[in-house]
Enquirer: 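Attaching a single structure in structure tokens format; questions to follow.
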Protein chains: 2
Amino acid sequence: MVERGGSGVPGGRRKQRVSMADVAQLAGVSSQTVSRVSNGHPGVISSTREQVLAAMRELGYRPNSAARALRYGQFNTIGVILFSLSSTGNSRTVEAIATHAAAEGYAITLIPIDVPTQDNVLGAFTRMGELAVDAVIAIMEIHLLDAATVQLPPGVHVVVVDSDAGDRYSVVDTDQADGARKAVRHLLGLGHRTVWHVTGPETSFASRRRTQAWRAVLEEAGRPVPPPLYGDWSAESGYAAGLALAEQPDCTAVFASNDQMALGLLRAFRERGRSVPEDVSVVGFDDIPDAAFFVPPLTTVHQDFAEVGRRCVQGVLHQIRTRGGPHPGTDLVPTSLVVRSSTAAPR
Amino acid sequence: MVERGGSGVPGGRRKQRVSMADVAQLAGVSSQTVSRVSNGHPGVISSTREQVLAAMRELGYRPNSAARALRYGQFNTIGVILFSLSSTGNSRTVEAIATHAAAEGYAITLIPIDVPTQDNVLGAFTRMGELAVDAVIAIMEIHLLDAATVQLPPGVHVVVVDSDAGDRYSVVDTDQADGARKAVRHLLGLGHRTVWHVTGPETSFASRRRTQAWRAVLEEAGRPVPPPLYGDWSAESGYAAGLALAEQPDCTAVFASNDQMALGLLRAFRERGRSVPEDVSVVGFDDIPDAAFFVPPLTTVHQDFAEVGRRCVQGVLHQIRTRGGPHPGTDLVPTSLVVRSSTAAPR
DNA sequence: CCACAGCATGTTTACGTAAACATGCCGTGA
DNA sequence: TCACGGCATGTTTACGTAAACATGCTGTGG
């Protein structure tokens, strides 16, 4: 049996990949005509076009994107840098970015950073700079970013999520402060004297913004501001905070900075015999799909991650297409409060 | 004020991007020497090397990956095709893939498919074929795949997750059957007469495999096989199943095909006044981080997604490096049972 | 003192594509 | 009948990189 390649190209030693020249030869035209057909240019008579298309089909031709990119100086690819896909928010944002980018003919290239140190961020941006990307969407905090973006070649556009750098970068984010205000006001509106708070990690801008807003609402309302408990987004840290809060007899309402920590709170309160919502009300943030099935179903602030992703893509594409420089400004996506059964008036 | 570019290159109309030729000119050497320095080749005297490096720094040179890819016929990129990042399993697998790929100098390009139709899969593979990838990791079922992989150019390697196509493709997956057996045997071992089951979606191979194993264990043990309840991975579908199961007085043990559906079960049982684990034991699958904080903490089958991702990358890299054809075979990652508080002996 | 080995560096070329420019043919109008 | 316009197609070239080959210099051994 003669050795055969998968491509069905006859004639012994086949080339690794079919090029325009191969198609041109088979169709009996020049490679430029193949190029014109491939790109749908006008000015190719239909009989010629058909011949070329037939030859393409027969050889299984596909354009070489590296050559195209070299020619055009564009890659039709957007890079995404983030710390972790583990959080619901990040993975859903990335998914939305990928979907919308695809709709616009862009692929996305992912670089996750396992340990969020300045060095690793720098390295990731350096790699992005060497990679074939036209733009970068960074899902991280600004202070980690500033030194890093210089690693990008000029002409690579940047959009940032989870940051307050609207004066220098194009920023898209959920309206964290507004969401947190809704949560705290909801609890105060139910008649709670004040609201305790479990924060996210210090390194997250979103978390700090939620904490600020929580404090601001309490201060505006002239309520005492209890010391915040420090979490790290994980259910486990929420659980630890819950065990501590269960010891505070005057704690009747808690705003957790995300749903997973709220889940930890629920478990801790249950273990300590404090009923939710009868003894303590709990509000989360994110509205992950599971939140409706917590025990009890969680009142939380809904984030529209898909919209954040959409606007990120829109932002970078606008920069790419207008060849504009950084287009500073902050684009905030609104939130909504979803009231379920984990909140009630104090008794 | 004179118009200035961001690159700091003096002299009016700068080029969009710094090339080797620019560096060579500044350093007073040929571009080939720059290439040698850039790639760390030996045979460049250190004084020359220093000059070139200095010129690179001054101009902010970075290699053009498109030109490199064209030259080498390799892109150092792995494509990943999947249906959704929303499921914990997928997003964590992708994260592991990205991390390990990065460690090997490969970037990953993501193509999510929003609606899992044959046409969309075909389209995704077509786009992958035009994209700059050396290999593809497909996280999906085989029957959606077969027609699609022909869209890839010859020479693009494929590794599949969530499939039983070990005879034709290189498959990496969690050992679904073994995990399911562990779950069901655990429940039988506690003294339950039989085990009810909530399935995942019909379109998931992982789900079908778990269901098969559940049935097989019951049959081997000579126990009655209750009709399975059909879910779709969501907590909501688990909740619906739970409401139905709560009506079955002889139901004392349930194996849910994932943790989110188990969460739905827990809520349904609670609402219907059936205590877990006193009245009903529940086991999930996945061991998502939150599972330890469900009410009660969930007994579940732990999947090592990171290991799955690692082996995927290892698999494609092996194919790339040996230029081997598809390397059929199935590589199963073991699971472990994590016993928490949602299971107990029947009373 | 010269030939030649060995090494640092330069020159040519190819990778696949597509813009820019060139060619050649057909039809139309004077 | 011929000049010219317009159109289908072909030829040349550049994109940035790096292998392959060429050059020229330095030092050493006969």
Enquirer: Does A:Phe75 offer a backbone N or O that forms a donor-acceptor pair with the side chain of A:Thr77 under 3.5 Å?
Expert: yes
Enquirer: When all nucleic acid strands are considered with a 4.0 Å heavy-atom cut-off, which category describes A:Arg68: base, sugar-phosphate, or nothing?
Expert: sugar-phosphate
Enquirer: Specify the separation, in whole Å, of atom OH of A:Tyr72 and atom C1' of D:dC15.
Expert: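 It works out to 12 Å between those atoms.
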Enquirer: Give the nucleotide from the list C:dA19, C:dT17, D:dT17 with an atom nearest to the side chain of B:Pro63.
Expert: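 Shortest atom-to-atom distance from the side chain points to D:dT17.
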Enquirer: Could you check how far CD of A:Gln32 sits from P of C:dT23, rounded to whole Å?
Expert: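 Between P of C:dT23 and CD of A:Gln32: 16 Å.
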Enquirer: Given side chains that start at C-beta, do those of A:Ser38 and A:Met56 come closer than 4.5 Å, heavy atoms only?
Expert: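 Yes; the side chains approach each other to less than 4.5 Å.
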Enquirer: Over how many whole Å does the gap from B:Leu70 atom CG to C:dT13 atom P extend?
Expert: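 Answer to the nearest Å: 18 Å.
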Enquirer: To the nearest angstrom, how far is B:Asn39 atom CG from D:dA20 atom P?
Expert: 14 Å
Enquirer: A:Met20 CE to C:dC15 C1': how many Å, rounded?
Expert: 14 Å
Enquirer: Looking at B:Glu307 and B:Arg310, is any side-chain nitrogen of the basic one under 4.0 Å from a carboxylate oxygen of the acidic one?
Expert: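 Result for this pair is yes, salt bridge flagged.
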Enquirer: What closest approach, in Å, do B:Val308 and B:Val172 show between heavy atoms, and which atom pair accounts for it?
Expert: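 Shortest heavy-atom contact: O-CG1, 3.7 Å.
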Enquirer: Would you compute the distance between atom CD1 of A:Ile78 and atom OH of A:Tyr106 and round it to the nearest 0.5 angstrom?
Expert: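 If we round to the nearest 0.5 Å, A:Ile78:CD1 and A:Tyr106:OH are 6.5 Å apart.
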Enquirer: Which atoms of nucleotides 4-9 of chain C (N or O only) lie under 3.5 Å from a protein N or O atom, and what are those distances?
Expert:
| residue | atom | partner | partner atom | Å |
| --- | --- | --- | --- | --- |
| C:dT9 | OP1 | B:Thr48 | OG1 | 2.3 |
| C:dT9 | OP2 | B:Ile45 | N | 2.9 |
| C:dT9 | OP2 | B:Thr48 | OG1 | 3.4 |

Enquirer: Can you work out whether A:Gly28 or B:Ser65 has the more 5'-proximal nearest nucleotide on DNA chain D?
Expert: A:Gly28
Enquirer: Between A:Asp134 and A:Gln74, is there a donor-acceptor pair closer than 3.5 Å when you use the side chain of the first and the backbone of the second?
Expert: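 No, because the side chain of A:Asp134 does not come within donor-acceptor range (under 3.5 Å) of the backbone of A:Gln74.
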Enquirer: Rounding to a whole Å, what distance do you find between B:Tyr61:OH and D:dA18:C1'?
Expert: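 Whole-Å distance recorded here is 10 Å.
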Enquirer: Side chains of B:Asn39 and B:Arg68: do they bring a donor and an acceptor to under 3.5 Å?
Expert: yes
Enquirer: In whole Å, I'd like the distance from the CD atom of A:Gln74 to the P atom of C:dT17.
Expert: 18 Å
Enquirer: Whole Å only: how far is the CZ atom of A:Arg71 from the P atom of C:dA18?
Expert: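 Spelled out: CZ on A:Arg71 to P on C:dA18 is 8 Å.
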